[in-house]
2 protein chains.
Amino acid sequence: MLSKSSKYGIRAVLYLASTASPTKNIGTKEIAATLNIPAPFLAKTLQQLSKKKIISSIKGPHGGFFMTNNNLEKSIFDIIYCIDGQHKFEECFLGYPECSDLEPCVVHDVYSPLKKSLLQRLKTKTILEMAKESTTPFDSLENLIADGSL
Amino acid sequence: MLSKSSKYGIRAVLYLASTASPTKNIGTKEIAATLNIPAPFLAKTLQQLSKKKIISSIKGPHGGFFMTNNNLEKSIFDIIYCIDGQHKFEECFLGYPECSDLEPCVVHDVYSPLKKSLLQRLKTKTILEMAKESTTPFDSLENLIADGSL
DNA sequence: ACCTAAATATGACTTTTATCATATAAAAAG
DNA sequence: CTTTTTATATGATAAAAGTCATATTTAGGT
């Protein structure tokens, strides 16, 4: 479905939204460690998002990534679009190029509405809202505890 | 979502279901040409399906692939499972390993039901039923006409 | 029996995706 | 003004997915 880059990106942004702030930046290493994501790979993904103003960053000591209020108004769809591109949600489930409401494939009538409601959700909910209602935070609170961070 | 192999496989099986029969086998080349699929690639996929008894084949002159009544009772899910494996439908949309009804990710409540109804459809409808209700047949009737086959 | 047409089996090649590594640039701290 | 810390940029490597090519087997036709 989504590429790993997108998934990693979304998880990282959600983590940022709930933990970082303009006054408290978070670096790639910390995010990667907390989320069990390969750090150099995540870095590249975060740069893409930063370039498209979906997240913010500052360099130097105590630098890192964070979310402005503007960033928090972005949607998860924005992240996916930035990393994987639009086409992710435009393909027919069976890959028929001409599949549409007029010329539906055999699962179009069931797949298409499902896709629409998922898309609707991904486009309308803001990162902020998503982060607030998130109950499962991150992979490895255990790790933080083991590290002594918690 | 699905791998290309799966998509190609499904389209080929649907084509077989509506066109071939135990007395009228169809070869890889014809299927590939009609569906605009690379022939050697399709061949490999059809072999996998044949080995798992989802389609049937006979070798030699006038040989090819076809569907028995038994084959026609299989589902599209069987095809996907044979080619891509189960895990295709078990992953969390955002890739959280521990995502579940108890520990849902932020799109779990919307994604999970959608996935279930799609799966339900893919598992319960037989190939035969699918083929019958299919209105969009294949990519390139034009090609066949241009070739003089029609 | 021999030839031919087709599936089968295997492997090589290419492209994409994912991962890792290195060098540069910027900003804070001493 | 130098050092250190972190993002940024770029590219190298690895793994997976997709594509193509070749040889082998089987079965029908002659």
Side-chain angles (χ1 to χ4, degrees), chain A residues 1-13 16 20 22-33 35-67 71 80 82-85 87-88 91 95, chain B residues 1-13 16 20 22-33 35-67 71 80 82-85 87-88 91 95:
Chain A
M1 189 83 206
L2 298 184
S3 71
K4 284 202 173 183
S5 296
S6 268
K7 289 177 180 175
Y8 290 166
I10 292 167
R11 290 162 61 182
V13 169
L16 283 175
T23 59
K24 194 202 172 205
N25 306 340
I26 299 185
T28 306
K29 279 182 299 182
E30 180 184 333
I31 302 174
L35 268 46
N36 284 329
I37 294 175
F41 189 51
L42 178 63
K44 193 181 278 185
T45 302
L46 292 180
Q47 285 160 28
Q48 288 182 63
L49 293 172
S50 175
K51 203 178 294 177
K52 292 280 179 58
K53 315 283 185 194
I54 293 169
I55 65 179
S56 305
S57 69
I58 49 178
K59 295 181 178 182
H62 307 122
F65 297 93
F66 63 96
M67 305 290 287
N71 295 146
I80 298 171
C82 173
I83 299 174
D84 282 350
H87 65 283
K88 272 284 150 159
E91 299 161 345
Chain B
M1 191 83 207
L2 298 183
S3 70
K4 284 202 174 183
S5 296
S6 268
K7 289 177 181 175
Y8 290 166
I10 292 168
R11 289 163 63 182
V13 168
L16 283 175
T23 58
K24 193 200 172 205
N25 307 340
I26 299 185
T28 306
K29 281 182 298 183
E30 181 184 333
I31 303 174
L35 267 46
N36 283 330
I37 295 175
F41 189 50
L42 177 63
K44 193 182 277 185
T45 303
L46 292 179
Q47 285 159 28
Q48 289 182 63
L49 293 171
S50 175
K51 203 179 291 176
K52 290 281 178 57
K53 315 283 184 194
I54 292 170
I55 65 178
S56 305
S57 69
I58 48 177
K59 295 181 177 182
H62 306 122
F65 296 94
F66 62 95
M67 305 290 287
N71 295 145
I80 298 170
C82 173
I83 298 175
D84 282 349
H87 66 283
K88 272 285 151 163
E91 299 160 345

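Values in this document were obtained by computation on a predicted structure and should not be read as measured data. FYI, side chains are in, hydrogens and waters are out, and symmetry mates aren't considered; it's all heavy atoms of this structure. Protein chains get the first letters and strands the later ones, always in sequence-line order, with residue 1 at the start of each.
Rounded to the nearest 0.5 angstrom, B/Gln47 CD and B/Leu42 CG are separated by 9.5 Å. With values rounded to the nearest 0.5 angstrom, A/Ser5 atom OG is found 9.5 Å from A/Leu49 atom CG. Distance check: A/Met67 CE to A/Ile55 CD1 gives 7.0 Å after rounding to the nearest 0.5 Å.
Residues of residues 41-59 of chain B having a heavy atom closer than 4.0 Å to DNA chain D, listed by number: B/Phe41, B/Lys44, B/Lys59.
Listed by chain and residue number, nothing satisfies the side chain to side chain contact (heavy atoms under 4.5 Å, CB included) test with A/Lys29 (two or more places apart in sequence, or in another chain). A/Ile26 meets the side chain to side chain contact (heavy atoms under 4.5 Å, CB included) test with A/Tyr15, A/Leu16, A/Thr19, A/Ala20, A/Glu30, A/Ile31; sequence neighbours excluded. The side chain to side chain contact (heavy atoms under 4.5 Å, CB included) search around A/Lys52 returns A/Ile54, A/Cys82, not counting sequence neighbours. Every residue two or more places apart in sequence or in another chain was checked for a ring pair (Phe, Tyr, Trp, His ring centres under 6.0 Å) with A/Phe65, and none qualifies. Residues forming a ring pair (Phe, Tyr, Trp, His ring centres under 6.0 Å) with A/Phe66 (at least two apart in sequence, or on another chain): none. Evaluation of the side-chain hydrogen bond (donor to acceptor under 3.5 Å, both in side chains) rule for B/Ser6 yields B/Asp84 as partners, not counting sequence neighbours.
When DNA chain C is scanned 5' to 3' for any atom under 4.0 Å from a heavy atom of chain B, the first and last hits are C/dT4 to C/dG11.
Base contact: B/Pro40 has a heavy atom under 4.0 Å from a base atom.
Where A/Pro38 and B/Gly60 each meet DNA chain C at their nearest nucleotide, the meeting point lying more 5' is that of B/Gly60. Where B/Gly64 and A/Lys4 meet DNA chain C, the nucleotide closest to each residue was compared, and B/Gly64 sits on the side nearer the 5' end.
Distances shorter than 4.0 Å separate some side-chain N or O of B/Tyr8 from OP1 or OP2 on D/dT19.
A straight line from CG of B/Asn25 to P of D/dG28 spans 11 Å, rounded to a whole angstrom. Rounded to whole Å, atom C1' of D/dT5 lies 15 Å from atom CD of A/Glu30. The distance between atom NZ of A/Lys29 and atom C1' of D/dT6, rounded to the nearest whole Å, is 8 Å.
Within the 4.5 Å cutoff, side-chain heavy atoms of B/Ile10 are placed close to those of B/Leu2. Using a 4.5 Å heavy-atom cutoff, the side chains of A/Pro38 and A/Tyr8 are in contact.
Remark on the helix from C/dA1-D/dT30 to C/dG30-D/dC1: inter-end axis angle 10°, axes from five-pair C1' superpositions, rounded to 10°.
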